[in-house]
Amino acid sequence: MSTPALRNRYLGDSVATASPGRLLVMLYERLVLDLNQAELAVRGGDRAGASGRLMHAQEIVIELRTSLDLAAWDGAVGLAKIYGFLLSELIGANVNADADRVAGCRALVEPLLDAWRQAVAATEHGGADAARGAAVARVA
């Protein structure tokens, strides 16, 4: 098997066996990666590369928003509003090739990633209520 095929198989296995919480963290990690790459591409004048990363970031935000259960916890509505804002900013950043807007999105997403990492880690160690509290505290 070739190296790319092995990598794809590993990634597929990682996604297939991940818990829902870990999948959420993986989406956030990829979102941050896309935003980093998009910002660098815009600043480097690679509009096509930036657009591809920003469109992928938009797809992730749409997935996060559509999979959000608004009745699951009190902070879900606020998080949905953040996702809506992010989507709007990402579209604007793409249309205008605005690296500062991309950086602003990344600055908003990184604390959310940290909060979800903490929540998932706490859940995996048996503290579901603590995890929910940690995520809500960081998002609020």
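Since the structure is predicted, the reported quantities are computational estimates derived from the model, not experimental observations.
Leu27 is not connected to Leu33 by any chain of hydrophobic side-chain contacts under 4.5 Å among Ile, Leu, Val, Met, Phe, Trp and Tyr, and they are in different clusters. In the hydrophobic clustering of this structure, Leu24 groups with Ile62; members are Ile, Leu, Val, Met, Phe, Trp, Tyr whose side-chain heavy atoms approach within less than 4.5 Å, directly or through other members.
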Run the side-chain donor-acceptor check on residues 37-50: report pairs under 3.5 Å with partners two or more places apart or on a different chain.
| unit_1 | atom_1 | unit_2 | atom_2 | d |
| --- | --- | --- | --- | --- |
| Glu39 | OE1 | Arg106 | NE | 3.4 |
| Glu39 | OE1 | Arg106 | NH2 | 2.7 |
| Glu39 | OE2 | Arg43 | NE | 3.1 |
| Glu39 | OE2 | Arg43 | NH2 | 3.1 |
| Arg43 | NH2 | Asp100 | OD1 | 3.0 |
| Asp46 | OD1 | Gly49 | N | 2.9 |
| Arg47 | NH2 | Asn94 | O | 3.4 |
| Arg47 | NH2 | Val95 | O | 2.6 |

Atom pairs and distances, donor-acceptor, side-chain atoms in residues 78-92, under 3.5 Å, two or more places apart:
| unit_1 | atom_1 | unit_2 | atom_2 | d |
| --- | --- | --- | --- | --- |
| Tyr83 | OH | Tyr28 | OH | 2.6 |
| Glu89 | OE1 | Arg101 | NE | 3.1 |
| Glu89 | OE2 | Arg101 | NH2 | 3.1 |

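Side-chain contact between Leu35 and Arg53 is absent, with no heavy-atom pair separated by less than 4.5 Å. For the pair Leu64/Leu68, no side-chain contact is recorded, criterion being any heavy-atom separation below 4.5 Å from C-beta on. With a 4.5 Å cut-off on side-chain heavy atoms, Val25 and Arg22 count as touching.
Between the SG atom of Cys105 and the CD atom of Glu110 there is a distance of 11.5 Å, given to the nearest 0.5 Å. Here the CD atom belonging to Glu59 is positioned 11.5 Å from the CG atom belonging to Leu54, to the nearest 0.5 angstrom. Note that CE of Met55 and CG of Asp34 are 11.5 Å apart. Values are rounded to the nearest 0.5 Å. In this structure, CD on Glu29 lies 11.0 Å from CD1 on Ile60, to the nearest 0.5 angstrom.
A pairwise comparison of heavy atoms in Ala93 and Val102 identifies CB-CG2, 3.7 Å as the closest pair.
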